[in-house]
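Some notes on the structure that comes next.
Every chain is numbered from 1 and lettered A, B, ... according to where its sequence line falls, protein lines coming before strand lines.
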Amino acid sequence: MPAELPKAYEPQKYEDEIYQRWEKSGFFAPEAHPPWVDNPDDPKRPYFSIVLPPPNVTGTLHMGHAAMLAIEDVMIRYHRMKGDKTLWLPGTDHAAVATESKVESKLIKEEGLKKPKEELGREKFLERVNKFAQESHDTIVNQAKKMGASLDWSREAYTFDDKRNLAVRTVFKKMYDDGLIYRGYRVINWSVKGQSTCSDDELVYVERPAKLYYFKYSKDFPITIATTRPETKLGDTAVAVHPDDKRYKKFIGKEYKVNFLGQPLIIKIIADEGVNPDFGAGALGVTPAHSAIDYEMADKNDLRMVRVISQTGHIDINEPENIHRENDFYVDSTTWEAAAAAKKKFNGLTVSDARKLIVEELRNSGLLEKEEDISQNVGTSDRFGDIVEPLPKTQWFVDVNKKFVLPHSEITGIADGAEVSLKQLMHTVVENNQIEIIPDRFNKTYFHWIDNLRDWCISRQIWYGHRIPVWYRHTPPSTTPLKDGSFIKTRIVSGDMYVGVNPPDDVENWQQDPDTLDTWFSSGLWTFSTLGWPEETIDLKTFHPTSVLETGYDILFFWVARMILMTTYTLGTIPFKTVYLHGLVRDEQGRKMSKSLGNIIDPLDMIKDYGTDATRLSLLIGSTPGNDMKLSVEKIAGFRNFTNKLWNIARFMLMQINNEQLTTNNREPEAKTLADKWISGRLMEVTKQVTDNIKQFRLSAAGEALRAFTWDELADWYLEIAKIEGNKSEILNYVLNTLLKLWHPFMPFVTEQIWSEMKVQETKNKEKFLMVEKWPQVESRAEVGAEETKNNFVLIKNIVIGIRSLRADNKIETAKKLRAMVNAGAKASLLRENDEIIKGLARLEEFKVEEKIEKPKTAVGFVEAGMEIYLDLAGVVDFDKEKKRLAEEIAQTKKYVQAQEGKLANKDFVSRAPAAIVEGEKKKLEEAKNKQAKLQEQLSLIHS
RNA sequence: GGGCGACUAGCUCAGUUGGUUAGAGCGUUACAUUGACAUUGUAAAGGUCAGAGGUUCAACUCCUCUGUCGCCCACCA
């Protein structure tokens, strides 16, 4: 007998050591193919690759990461065991804003700096950020290792390292040359707090109460407008009404010179379909400089743009584009003086102070007609948290609608050299199914997002990020608009500007654009920048497009869509074939886990208390793609129990396997008994189920099938039978080998540990890994009699269950041996062959199998598959109770019989349903009728 | 305002093209326990599949409507 395993599995004892051995073995890298692969260098050998969604470098592992790592590791380990060239490439994300502000507040807190960026300067500050990132990098990496993730650390990438920076610069330059990146003066989302732009997707809308003010700009203005932001009206250049609004139709096209509390305005009345005549006053003041929607309206109607709010969030009506001395409106000196007074009055006020003042003045001058409480959606900055101030600035944009020539295309439906837009590319690859999104309902969301996509603002005013590879001869060109009468039209500022992958030769005469790129710009390149692009590396050729992208559905737009954009544009191909979206991990009440709620389940605590395998299973089983999952400590504890169960199953099996016969060589032995045949058949079925389910990304179903097999069939039945039949070395060995392999992707540690105990027994060599064993094959052998085997076994099983059930009902203690007998009819020989099993499992001293038998007087009975089984209770039976029990069962059976008869009496059913279904229902009816009759007979035989 | 999802046992969830007497885990109840495992075993209770219509021989499954909850998108200013 092999050396015994400890009674309980203690994950903490093994996990770290196993991970180190795995890592040292080199098998995480695709170069180290499993030893049994015959043709490792065959170019046709399939590959499987996943690039890990990079966690923030300064972050710590949370359950979301844990779920991601567990799901991806299952896929990776499965494909590695299948013999594919398998690469799982790790990396971390520099998380520009998040990291920068973390370091900033750290410097303030710990070193007493007031404004760290100003005080240290760009270079020194970035040094500090880099240092911090470097230090905390190891934390998240080590935590990923704790999860058992079989990542190829030799290829680790960072979104902000030199290689990725080169990729970023290269793509930027290419897009600029194609005219897809432009510098423009447009209304963008500005975070006053963060002093930076943010993209449309980074806005979070918050519902809050607001006041809607109704007023006229001045007494002589004909239309009342309504607004929640009176202070922006200082920059109005139009009033918009619905084209069909009878009240206002006559004003459309007219232009008014008004004095708005001292501020001179020229207001044009325009018509726009978007104006809702029933909301507010049915007329709205158009502020092109401080509202994205007004900006679009202004663009359509060729309006002027007057900026009145500065980037610090103060009123500032002194911007160059605001004062138009050429305009005859201002020739009038009184107006000019009024304008000067207005400036003096409002300038320097914060937005909210200005609002108060304006409302006050409107009220005093009798212009304010109404105040109304409404609820309003305001956009806040996801990163900084403050309400975003739309204002015009010169920024860099990616044009998503502009057509360009795609020289090389591997995209179905788009030919080499075709003229396309980025939007079209993004649309096509999902529509033509080159990229499959799981679950597929997210296709709809994705298309909707693309259809509404506007140009992407990519420049940010923070320091920790990829610097824009643009240099200006002196200072950045002025943002003063051209004197073409149009203050709206996007224009690309030319002049002394250099765009290049590398700095200009005489860089000392140039100044680089101070801005950095949106972090998603570099993340968008992730699948190919990590593989070495722009170099033409072997990795790129071998592993791209990647097989699967697995990530949370919450970053479908931020990241997944941008990767599709960047990859189709740059390489003319898809970044990945399948997108697997997992849900959010929530607490047991369905709430998000957060510090403030104190409901965080820390994966590292769980690993410590219950082991990694249990933690992984709790995230894998019982959750489906795209749906949030609820997690509780109890669930994890439950899987800890299962881990221990598996350990003890193995422990027992190893004790049953004869020392000389122990082998990790997986040949299926000949099945001798019915139970043997049954368990081999079931194992084969389960192998097929698990394999199919993993292939179809149904990991929960795969795990659930395996769990049910392992516990309910193998442990509860076959191993119990093995105790009775004995002498099962070979088959137990085979089942154990297969079982460990099937479980390995889900619970790598406990399976590897058991395997290495076996390896030591067998070869005295620990350095052979289950991790690279060959995945069990599903043999397409002819399953002669497989169905019959199963049915026969189920019959035995049901007899045992029936007897146990009667015992329990009659409160017979487990230890007491009873006598049972059966009217076996045609099944007599089957039951005789297996009577030891029945006797053992049902605790019988005698199991009498006869073709025909009379019911003993002191017995109770039941009917199974047409046989009557009697359990002799030797006088302890309570006949009243027994009568009741039988009557209940008869009633139930009767109900079923009636239902079946009704079904079969229905002519439509018999004529229209497939013959096989009808046959099946007939058979069920016969069996039930038979059962009913026999139960009836049993009842009638009770004389009390 | 538009869209999506969920609603199945006390709780957490499976249920793959329509055909099962609707399943699992946890929990509950009863009994057991030095022989692989109490991180256990045996047995049991527990469901009008949110509601109403419809299609069909047949609906948890397909269609329509309603309700409750959740999420995403959308700057009625």
Side-chain angles (χ1 to χ4, degrees), chain A residues 4-5 7-9 203 205 210 212 225-229 232 240 274-276 278-281 283-287 291-294 374 376-379 388 390 439 441-442 444-445 448-449 452 553-554 556-557 584 588 590 610 614 621-624 626-632 634-635 637-656 692-693 696 698 700-701 704 707-708 712 715-716 719-720 723 801 804-809 811-815 843 892-893 895-896 899-900 903 906-914 916-918 920-921 924 928:
Chain A
E4 261 183 51
L5 265 43
K7 271 190 146 186
Y9 175 64
L203 296 188
Y205 287 93
L212 186 63
I225 57 163
T227 182
T228 52
R229 297 200 60 188
T232 63
V275 179
N276 178 356
D278 300 325
F279 183 86
L284 64 103
V286 181
T287 323
S291 154
I293 195 97
D294 290 8
I374 59 161
Q376 168 191 239
N377 244 347
V378 289
V388 156
R441 67 183 136 93
F442 281 97
K444 214 169 175 173
T445 326
H448 182 259
W449 181 81
N452 293 295
Y553 66 75
D554 52 328
L556 178 64
F557 304 139
L584 272 38
E588 59 264 71
Y610 302 109
I621 294 181
S623 74
T624 43
N627 294 326
D628 294 351
M629 64 181 109
K630 289 176 194 166
L631 185 68
S632 61
E634 292 72 37
K635 187 174 176 189
F639 283 112
R640 184 271 318 265
N641 295 357
F642 177 70
T643 313
N644 189 61
K645 184 76 185 180
L646 182 68
W647 177 262
N648 274 289
I649 286 170
R651 179 173 127 91
F652 174 73
M653 288 171 94
L654 288 173
M655 285 166 70
Q656 301 291 309
D692 289 348
N693 279 323
Q696 293 167 51
R698 301 159 55 92
S700 177
E704 185 50 42
R707 195 207 61 78
D712 305 340
D716 290 350
L719 295 187
E720 292 304 319
K723 288 177 190 170
I801 291 172
R804 284 171 176 172
S805 182
L806 283 182
R807 288 182 85 112
D809 282 352
K811 306 244 183 283
I812 310 289
E813 58 204 281
T814 321
R843 295 212 168 235
Q892 213 181 347
T893 311
K895 225 165 112 189
Y896 181 65
Q900 288 301 104
K903 203 184 248 182
N906 184 342
K907 283 204 185 82
D908 286 332
F909 171 70
V910 178
S911 62
R912 296 200 193 190
I917 299 283
V918 178
E921 297 302 316
K924 283 189 219 163

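- In this structure, A:D716 reaches the sugar-phosphate backbone alone: every heavy-atom distance under 4.0 Å involves primed, P, OP1 or OP2 atoms, never a base.
- A:Y9 meets the ring-ring contact (aromatic ring centres under 6.0 Å, His included) test with A:Y14, A:W647; sequence neighbours excluded.
- Taking the side-chain contact (heavy atoms from CB on, under 4.5 Å) definition, one finds that A:Q696 meets it with A:D692, A:R698, sequence neighbours left out.
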Show the distances under 3.5 angstrom between N or O atoms of the protein and N or O atoms of nucleotides 45-49 of chain B.
none

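- Looking at heavy-atom distances under 4.0 Å, A:Y205 makes contact with sugar-phosphate atoms alone, never a base.
- Evaluation of the salt bridge (charged side-chain N to carboxylate O under 4.0 Å, His left out) rule for A:K895 yields no partner, not counting sequence neighbours.
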Sugar-phosphate means primed atoms, P, OP1 and OP2; the rest is base. With that split, encode nucleotides 2-9 of chain B 5' to 3' as B, S or - using protein heavy atoms under 4.0 Å.
-SSS----
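- In RNA chain B, consecutive stretches of 3 or more Watson-Crick or G-U wobble pairs with both distances under 3.5 Å are given as paired ranges: B:1-7 with B:67-73, B:10-13 with B:23-26, B:28-32 with B:40-44, B:50-54 with B:62-66.
- When heavy atoms are screened at a 4.0 angstrom cut-off, A:A715 is found touching base atoms of the nucleic acid.
- Residues that satisfy the side-chain contact (heavy atoms from CB on, under 4.5 Å) test with A:S805, not counting sequence neighbours, are A:D809.
- Residues satisfying the ring-ring contact (aromatic ring centres under 6.0 Å, His included) test with A:F652, not counting sequence neighbours, are none.
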Close N/O contacts between protein and nucleotides 19-21 of chain B (under 3.5 Å):
from  : atom 1 : to     : atom 2 : distance (Å)
B:U21 : OP1    : A:Y896 : OH     : 2.8
B:U21 : OP2    : A:K924 : NZ     : 3.4

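- For A:R843, the side-chain contact (heavy atoms from CB on, under 4.5 Å) partners are A:R807, A:T814, not counting sequence neighbours.
- Within 4.0 Å (heavy atoms only), A:K630 reaches sugar-phosphate atoms of the nucleic acid but no base atom.
- Proximity of A:T643 to the phosphate of B:U39: no side-chain N or O atom is located under 4.0 Å from OP1 or OP2.
- The phosphate of B:U39 (OP1 or OP2) has no side-chain N or O of A:R640 nearer than 4.0 angstrom.
- No hydrogens or angles considered: a donor-acceptor pair under 3.5 Å links the side chains of A:D628 and A:Y553.
- In terms of the side-chain contact (heavy atoms from CB on, under 4.5 Å) criterion, residue partners of A:R229 (sequence neighbours excluded) are, by chain and number, A:T227, A:E231, A:T232, A:I309, A:V351, A:R355, A:E389, A:P390.
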Write out a two-atom table: protein N or O, nucleotide N or O from nucleotides 24-28 of chain B, distance below 3.5 Å.
from  : atom 1 : to     : atom 2 : distance (Å)
B:A24 : O2'    : A:E704 : OE2    : 3.3
B:A24 : O2'    : A:R707 : NH2    : 3.3

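- Although no hydrogens or angles enter the test, the distance criterion places no donor-acceptor pair under 3.5 Å between the side chain of A:R640 and the main chain of A:A614.
- Looking at heavy-atom distances under 4.0 Å, A:I801 makes contact with sugar-phosphate atoms alone, never a base.
- A:K7 comes within 4.0 angstrom of the backbone, heavy atoms only, and of no base.
- When the side-chain nitrogen and oxygen atoms of A:K811 are compared with OP1 and OP2 of B:A32, none of them lie within a distance under 4.0 Å.
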